[in-house]
Amino acid sequence: MKTYIVETKNIIHNVQVLKQKAGKATIWGVVKGNGYGLGAARLAQVLYEEGITHFAVTALEEAAALREEQREDMQILMLRETSDPRELEQLLQLDVICTIGSVEAAEAVNAAAHTVGKKARAHVKLDTGMGRYGFLPQQIEQAKALWKYENIEMEGVFTHFYRGGNEKVRNQQFAAFQAMVTELRQAGCEVGMVHCCNSLAFWYGPEMHLDAVRLGSCLLGRVCYAQEAGLMRVGYVQADVEALRTIPKGHNVGYGGDCQVKRETKIAVIGVGYLHGFSVERGYDVFRPRDCIHSMARYLKYLLKRHCLTVEINGKTCPVLGHVGMVNLIADVTDIPCALHDPVVVQVNPLDLKAMEVRFQ
Ligand SMILES: *Cc1c(COP(=O)(O)O)cnc(C)c1O
C-alpha cells in the first residue's frame, strides 16, 4: 500500500508565512499543473479556507474544478493565452479572467464574449524577457489599443520573470515592465491590477510586489529559500516494508550489477519506484544526445556517492541500495529495527507523482 499524504497544517503554515511577507499585496494562489500535483481543487480549498480568494490556473479543467464549489468571491485567472474559440467560450462561462498577450488573442476573446453574450474579463500580458506570451516593449502601441474592445473589460497587467532569483535580470525585467505600465497609464489606459512576482521574485524582490503576487511552488515549500523563510514541505509518500530478507556479503542488489553489499545485509523491499516519481529526473529523453551525456554524468556521480538516496523507516534514515526500480526500491535496514509491514516515508516531489492516491490529512 502506498499513499501520498498531504500535510494540510504545513500548507496552512506556509500560507501564514507568505501572507506576512506579502503585506497588502493580493496573493494569487497558483494551482496549475493540477495544483503542483496535489489536485487543483483540493489545494485551492485549503488556500481558500486560509483567506486566499484569487487563483491562477493554466488549464480549463482546473478552472472548472475550482468552480464546482460555489464561492462568490473566488477569482480565477487563466495564465495561458488562448485564442481557441471553444476554450474561450467555456472560460468565459466559468467567469475566468483571460490572459491577452497578442492582437490575435484579443480578437478571439472579443469574439467569444460576443458569442457568449457577456463581457470578457482580461489581464494584459507584457513580455519583458520570458519569451513566451505577451506584448514586447516595441509593441506597446498594440497593447494600448486593447482598451478599445467593446466586449472586453481590462482588469490587470502583468509580466513574468524568467530568472526571478537573479537580481540583475529581475531588476532589468522590472524596469522594462514599469516603463510599459507607465506608457499605458499615460495613454489613458486603466491598467487595473499590476503584478509580476512569482515565488522567487516575491521573496528576493519585495519592492516588486505591487498590487498582487502569483505564488505556486512556495506554497508547497518547494523553493530554494524554504529554510531561510521557514517554509515546510507539505507531503510525503507513506508506504510499507513489503519484504524483508538477509543477503550474504558480496551479493548483488538491483539492476545493472552496480551494487554489491560489503557485509551480510538486511534489506527491505519497498513498493515505490521511479514509476511513482521517486528519484526521477525530469525531462530526460534517451533519444537526445545531450540527455545521454547528462545521464552518464549522473551515473558517475551515483557511482561515487552511492548512498545519496534515502528513505525513512521507524524514524530512522536508511540508504537506498542499487538502482531504483520501476515499482520498488531496496533499503539497507541492517542497523535499525525493522519488521515486515513497518511504515516507510519516501520523499517524492508531488509534481512527479503517478499511480498513487493523494490524501489530505
Ligand atoms: C507558474 C507561474 C507562476 C508561479 O510560479 P512559482 O515559481 O511556482 O511560484 C506565476 N506566474 C506564472 C505566469 C506562472 O506560469
Side-chain angles (χ1 to χ4, degrees), residues 11 14-15 17-19 21-22 25-40 43-44 46-47 52 54-63 66 75-82 91 96-102 105 122-136 155-167 169-170 173-174 176-177 180-181 193-206 208-226 228-229 231-235 282-283 349-353:
I11 301 179
N14 290 350
V15 170
V17 170
L18 299 166
K19 264 188 163 175
K21 177 92 171 171
T26 298
I27 294 177
W28 289 95
V30 179
V31 296
K32 67 182 180 190
N34 193 25
Y36 288 72
L38 303 182
L43 176 60
V46 174
L47 301 177
I52 292 182
H54 290 58
F55 294 90
V57 300
T58 55
L60 176 62
E61 295 75 23
E62 292 160 354
L66 262 60
Q75 307 291 321
I76 305 179
L77 171 65
M78 167 55 88
L79 293 172
R80 236 180 66 241
E81 171 181 303
T82 171
L91 289 171
V96 171
I97 305 164
C98 300
T99 284
I100 296 178
S102 66
H123 283 207
V124 178
K125 182 72 178 280
L126 303 177
D127 183 358
T128 55
M130 178 70 185
R132 194 163 55 186
Y133 307 114
F135 294 92
L136 296 163
E155 297 187 355
V157 176
F158 72 112
T159 194
H160 192 43
F161 291 109
Y162 67 97
R163 272 185 90 187
N166 180 292
E167 189 180 354
V169 176
R170 189 173 64 237
Q173 280 194 263
F174 187 62
F177 181 53
M180 289 175 85
V181 172
M193 183 187 263
V194 181
H195 51 112
C196 57
C197 285
N198 58 359
S199 290
L200 283 178
F202 167 72
W203 191 258
Y204 295 112
M208 302 179 184
H209 287 181
L210 306 177
D211 298 328
V213 293
R214 305 183 304 271
L215 307 182
S217 40
C218 60
L219 296 169
L220 282 70
R222 293 200 167 261
V223 274
C224 51
Y225 58 79
E228 172 191 340
L231 298 175
M232 293 164 95
R233 222 189 322 231
V234 305
R282 234 165 286 147
N349 185 339
L351 267 183
D352 300 322
L353 264 193

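In listed order, ligands and their atoms are each counted from 1. This is a predicted model, so every value here is computed, not measured. Along the sequence shown, the residues carry numbers beginning at 1. Only this structure's heavy atoms are used, side chains among them; waters, hydrogens and symmetry mates stay out.
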What protein heavy atom sits nearest [atom], and how far away is it?
{"atom": "atom 14 (C) of ligand 1", "value": "Lys32 NZ, 3.1 Å"}
{"atom": "atom 12 (C) of ligand 1", "value": "His160 CE1, 3.3 Å"}
{"atom": "atom 4 (C) of ligand 1", "value": "Tyr36 OH, 3.6 Å"}
{"atom": "atom 10 (C) of ligand 1", "value": "Arg214 NE, 3.5 Å"}
{"atom": "atom 9 (O) of ligand 1", "value": "Ser199 OG, 2.4 Å"}

- Query: Is the distance between the ring centroids of His195 and His123 less than 6.0 Å?
  - Reply: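 Yes - the distance between ring centres of His195 and His123 falls below the 6.0 Å cut-off.
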- Can we call the ring centroids of Tyr204 and Tyr225 under 6.0 Å apart?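 When the ring centroids of Tyr204 and Tyr225 are compared, they turn out to be within the sub-6.0 Å range.
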Against ligand 1, does [X] come closer than 4.0 Å with any heavy atom?
{"X": "Arg132", "value": "yes"}
{"X": "Leu79", "value": "yes"}
{"X": "Trp28", "value": "no"}

- Query: Can His160 and Arg214 be counted as having a side-chain donor-acceptor contact under 3.5 angstrom?
  - Reply: yes
Can you give me the closest heavy-atom contact between [X] and [Y], atom names plus distance?
{"X": "Leu210", "Y": "Phe177", "value": "CD1-CE2, 3.8 Å"}
{"X": "Leu231", "Y": "Cys218", "value": "CD1-O, 3.7 Å"}
{"X": "Lys32", "Y": "Thr58", "value": "CB-OG1, 3.3 Å"}

- Message: Atom CZ of residue position Arg80 - does it have more than 12 heavy atoms of other residues, nucleotides or ligands inside 6.0 Å?
- Response: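 For Arg80, atom CZ is crowded (more than 12 foreign heavy atoms under 6.0 Å).
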- Atoms of ligand 1 close to Ser217 [distance to a heavy atom under 4.0 angstrom, numbered from 1]: 6 (P), 7 (O), 8 (O), 9 (O)
